[in-house]
Amino acid sequence: MGRRYEPSEFEPRWQRVWADERIDEASEDPADERPRFYALDMFPYPSGDLHMGHAEAFSGGDVVARSAKMRGHNVLHPIGWDAFGLPAENAAIKRGVAPAPWTYANIDQQERSFRRMGMSFDWTRRLATCDPEYYRWTQWLFLRFFEKGLAYRKAAPVNWCPNDQTVLANEQVIQGACERCGAVVERRNLTQWFFKITDYAQRLLDDEDQLIQWPERVLTMQRNWIGRSEGARVTFSIEETGEEIEVFTTRPDTLWGVTFFVFSVDHPAVERLAQLGGTWGEVEPMIQRARAAAMASREEADTKEGAFLGVHAVNPVNGEKVPVFAAPYVLMEYGTGAIMAVPAHDERDFAFARQHDLPVRVVIQPEGSEPIDPDSMTAAMPHDGVMVNSGPFDGEPSPASIAKVAAWLQREGRGEATVNFRLRDWLLSRQRYWGAPIPIVHCPSCGEVAVPDDHLPVRLPDDADFSLGDRESPLARHPTWKHVDCPACGGEATRDTDTMDTFVDSSWYLFRYCSPGYEDGPFRREDVDRWMPVGQYTGGVEHAILHLLYTRFFTKVLYDLGMVGFTEPFPRLMNQGQVIYDGASMSKSKGNIVEPMPLVERWGADSMRLMMLFAGPFEDDIDWKLIAGEDPDRRPGVHSWLGRVFAAAGAAAERGASAPEPSSLVRLTHKTIKGVTDDLDRFRFNTAISKLQVLTNEIRATLDAGGGAIDAARALVQMLAPFAPFAAEELWRVDLGEPASVHRSSWPAYDPALVLDEAVTMVFQVDGKLRDKAEVSADIDEAGALELARASPKVLAAVDGREIVQEIVRIPKLVNIVTKR
RNA sequence: GCGAGAGUGGCGGAAUCGGCAGACGCGCCGGGUUUAGGACCCGGUGCCCGCAAGGGCGUGGGAGUUCGAGUCUCCCCUCUCGCACCA
């Protein structure tokens, strides 16, 4: 019956037809009244052909886009490439191919693969961030940030690989070593460009309530990354110099317990103060040692190393002079790079005090307890209880007194309540070739001058020497590129020779999709406001912090600039799991890489997509070894299923309406429509597919029994369309004889009355244990149910003459008879 | 250490509201078809006892709430992920 499933025969054919019919293009027709839906996938990095992670993510994203369209939406489902970045330069260095042709060749390859996989992208909006027409607007946006004071230059310590002669992003430093060559990374002070994301820290937290469907763990990661702490800034002074030094503390109520003071080893005041204190000779080797240890391994930095600077700090609350140290356990990046140390109530300070024989003074203790002898302490005390040894605050409850202490500090001019964030400004400059040049000119007389908008883009030279091994970056060492006239005064000046972090490029691509080819700005506000915010964003959890946080920041800046009418770009986010092999990530060195395109060639695009989607919940990892086995020639179960769908739908079409469709099949069809629709709403593609398999089995059984199944088959084919677009189209247009694409058809509707079962299985329990079942009508009443239960011989046997104390009846599902035991 | 999530057959997983645990699929077993292999079709398949009828056990472990717990509460164990001297 039916017909054979030969995907290689029709998949390429429908791919061509869909391109000709332009079925995947979003409609910009003003008369089109369908609600708009923006289905966005995180755009890929073109470092070769598509891998399994892409196959998984985009298969899910395509189900979202295709099902939204069938359910009546005007869908925007664009694609592009995050095309700047280090891998292109690595390839250039390794293979001697320039970054641009290498990148574009990979883009073309990935586009072919996407088309072959049946991804429903609107190709008219394709973009690549390395296109000059794109990065022109990246530069334009940078200049708007610059004008607003949100892009600025300052000297900062950065990661520098002495072997590769380049700065590295934090992500490229693995346990203190260069990701590429393994050399120990150095810290260097370089003048770098930053975006002032810290200005938006509070808003990034506050707007979380707009992120209505984000995975909880991503929200948590962002919250932790932003790291908001309430506390106080307190001004200490150095006795020997009189200079004021601020510290941040979350516990100003412990100020009376300060017994020493610690600077980060990277604090700029350390060398000067140690020279003054006459201890630089001992301090400097400690700092060198500490830096080396911190770089080599984070674990080694656990020791409470440190050195006395020979100077003293004055505690503003009681005038006490305490010794000042430099120690690696104080981070330069957090707070002010200096701390007041309260060893009685802080584990780290306590460990340091014990190591260096420093006094410990308890200032908070449990209410009513005897004074605590610091010498008997083996660990820091919990800091809740009653304040003691704290001058005017003795007897105050803590931590409830924090606000009171902070207010007192402010009145006394010794500090103030404040909020501190862990988030730091975004270092965006890179000394690399393959990125968008920073559109700034450095003029000896005018300073930092913006390149005028009408001179954009500042193009990359295509004759740069992008090899490594020199001290200067490729743009800096180019013989002519950087030499320009100052746009302000016309005098001799030089271009900024840094390029932008690729995360800048990817922070606004989603806006550009709305206005493809627009030449008067990065996008048209009306286009963006029409399509955005994004209806559903799909991509990897590896971007949980950087990309997602940066794009949220960009959106808020664009809002403040009046360029868009919303403050959150993607209220709904879905993360696919990883595709791993035998419990480990796939990698070349392990030789366990499975690629999607060979699967597509062997079994067809539909089977590849279904393997991904049926393997388990979308957000869970897929262990390929477990779902596919080790034999690549073994037919995937989903492929066999498609074979049965073809046989069944084909046979149902041949039989048509000549035989009646049994009501049980009709009911199952409606139930399946409801179930699959609900599953799509919660991204449970695996259970949606299993429901389609159940329907398939029932259609087959109906046909075997001589019944008709044409309506069921039609619904099945339509519901199959988002998951297996080629097979569905073949059956729809060829076997079912429909003239137009299944992907333009309307999602089947269900009759709520037919979703409810006519007959259900009622279970009879005795003392909560299943003893018997009966098929009953769905509208059975309680008395009838009880009567049935009491009449059951199995129930009677189980009751065994004991006294019945309670009868629980839940029509139409269950009766539970409780006996006295 | 802190934070988040998870633990169900041989395997991937299902159970959406506290009500038949194991849907669907893979694998395996038996049968059919086939020159053979593959493919396909039919049946079986949580574990234990039993020829069977039937019975017992069963969702990481332990307690609790409930007529009833994979699901809710508490404690413990294990695993995964993220952060990790954040003052």
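Per chain, numbering begins at 1; letters A, B, ... match sequence-line order.
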Just jot down the side-chain contact (heavy atoms from CB on, under 4.5 Å) partners of A/Leu796, sequence neighbours excluded, or say none. none
Does any donor-acceptor pair link the side chain of A/Gln765 with the base of B/rG19 at a separation under 3.5 Å? yes
Taking atom types as they are modelled, would you say the side chain of A/Arg810 forms a donor-acceptor pair with the base of B/rG19 within the 3.5 Å cutoff? yes
What is the nucleic acid contact for A/Arg228, judged by heavy atoms within less than 4.0 Å: base, sugar-phosphate only, or nothing? nothing
Under the side-chain hydrogen bond (donor to acceptor under 3.5 Å, both in side chains) definition, can you give me all pairs with a residue in residues 806-817 of chain A, not counting sequence neighbours? A/Arg790-A/Glu807
Contact letters for nucleotides 8-17 of chain B, in which S counts primed atoms plus P, OP1 and OP2 and B counts the base, heavy atoms under 4.0 Å: ---SBSSSB-
Would you say A/Arg223 reaches B/rG82's phosphate, i.e. side-chain N/O to OP1/OP2 under 4.0 Å? no
If you count the non-hydrogen atoms of other residues, nucleotides and ligands that lie under 6.0 Å from CD in A/Glu230, is the total more than 12? no
Measuring to OP1 and OP2 of B/rC57, would you say a side-chain N or O of A/Lys769 lies under 4.0 angstrom away? yes
Atom-pair distance (CZ on A/Arg422; C1' on B/rC2), nearest Å: 13 Å
Applying side-chain contact (heavy atoms from CB on, under 4.5 Å), name anything that partners A/Leu358, two or more places apart in sequence or on another chain. A/Phe260, A/Pro323, A/Phe325, A/Phe352, A/Ala353, A/His356
Tell me, please, which residues at least two apart from A/Ala55 pass side-chain contact (heavy atoms from CB on, under 4.5 Å). A/Met117, A/Pro596, A/Met608, A/Met612
Among residues at least two apart in sequence or on other chains, which ones pass salt bridge (charged side-chain N to carboxylate O under 4.0 Å, His left out) with A/Arg572? none
